[in-house]
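The analysis underlying the following values was restricted to heavy atoms, covering all of them including side chains, and did not include hydrogens, waters or symmetry mates. Read the numbers this way: they start at 1 and go in the same order the structure lists the ligands and their atoms. This one's a predicted model, so the numbers in the text were calculated from it and none came from an experiment.
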Amino acid sequence: MPLLLAFDDEAAPAQRLLAALNAAAAPPWTLAFVQRHRFPDGEWRLRLPPEPPAEVALYRSLHQPNEKLVELLLAAPAARELGARRLWLVAPYLAYMRQDAAFTPGEVVSQRHVGRWLAAAFDGLITVDPHLHRVATLAEAVPVAQAHALSAAPLLGALAAQRRPGALLLGPDEESAQWVQQAGRAAGLETAVARKVRRGDREVEVELPAREVRGRAVVILDDMASTGRTVARAAAALRAAGAASVDVAVTHALFVGDALAAMQAAGVGEVWSTDSVPHASNAVALAPLLAGALARGAAA
Ligand code: R5P
């Protein structure tokens, strides 16, 4: 019986994934948790089920990633030593994908190195809307035998169409075009893409496309919001141009610090996200999407 292995701080999404797997897959999956003890000096002691089956999937969404990467780099080879033959990583949010080029001499291309670590540890990876910009495919960024990049954009598009019928879907920068187009096609909504210049972590400028938004409902759609400044600048520009409402749909609600407050202060109404990162704005459950991909991958 294949095993889904999770960490206690992600029990709820792991349970949802288990339920979706067992609605979709035969043979049924079981769920167990990695037991963690933190030593006084900060190091981890991990304990896995001592006799795992051949097929094991580790569930770990990689927001706040640094400690989690260490956990994975300990747990994955240990699972193999204990008997796992094929090891999956189910990481709804995949970290370090935005650092995909060296912009100054000596700058570390984190995407490449984190990708190589994960590929050395796992046989398969399932993730959602990874931030692939200068790299075309997930397998290039994380060269595992089975690399599955799923998209929540159609689900977010459908939600936007249901909550704001006839809305304009706006991508706040060129990189968002891929998700906005998918969402627009799936939901039958008109789309447009803005231009962004980033000058620092919290300093961005957004230039709206030449499209009349006066009196229209607009939904800003992106793969993620982190500091919320990209969304906030786009929302402020849309409000200044006369948009009737501005709501936000993102796959990954990283929302660090005052992100939500900054977006609301800029005129954002509602915020909808997937449950890749637990947050009060979660409105789309990813479990059925993840379960379908994992069941198909495990059957292959
Ligand atoms: C990058 O292009 C991403 O798609 C997001 O637009 C970006 O990471 C958002 O960052 P922040 O919320 O910090 O502006």
Output, or 'none' if empty, a list of ligand 1-protein atom pairs in which both atoms are N or O and the distance is under 3.5 Å, rounded to 0.1 Å.
residue  : atom   : partner : partner atom : Å
ligand 1 : 2 (O)  : Asp173  : OD2          : 3.2
ligand 1 : 2 (O)  : Glu175  : OE1          : 3.0
ligand 1 : 4 (O)  : Asp222  : OD1          : 3.3
ligand 1 : 4 (O)  : Asp223  : OD1          : 2.6
ligand 1 : 6 (O)  : Asp173  : OD2          : 3.3
ligand 1 : 6 (O)  : Lys196  : NZ           : 3.2
ligand 1 : 6 (O)  : Asp222  : OD2          : 2.7
ligand 1 : 8 (O)  : Arg98   : NH1          : 2.9
ligand 1 : 10 (O) : Arg198  : NH2          : 3.2
ligand 1 : 12 (O) : Ser226  : N            : 2.7
ligand 1 : 12 (O) : Thr227  : N            : 3.2
ligand 1 : 12 (O) : Gly228  : N            : 2.8
ligand 1 : 13 (O) : Thr227  : N            : 2.9
ligand 1 : 13 (O) : Thr227  : OG1          : 2.7
ligand 1 : 14 (O) : Arg198  : NH2          : 3.1
ligand 1 : 14 (O) : Thr230  : N            : 3.0
ligand 1 : 14 (O) : Thr230  : OG1          : 2.6

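Under the side-chain contact (heavy atoms from CB on, under 4.5 Å) rule, Glu205 has a single partner from Arg233, Lys196, Arg195, Arg199, which is Arg199.
Side chains of Ser273 and Asn282: a donor-acceptor N/O pair is present below 3.5 angstrom, by distance only. With no hydrogens or angles considered, a side-chain donor-acceptor pair links His148 and Gln146 at under 3.5 Å.
Tyr93 and His252 have their aromatic ring centers within a separation under 6.0 angstrom.
With hydrogens and angles ignored, the 3.5 Å screen pairs no side-chain donor or acceptor of Asp129 with any backbone N or O of Asp223.
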Would Asp123 and Arg86 satisfy salt bridge (charged side-chain N to carboxylate O under 4.0 Å, His left out), going step by step from the backbone distance to the final call? CA-CA 6 Å; Asp123 305 300; Arg86 182 161 58 180; over 6 Å; no

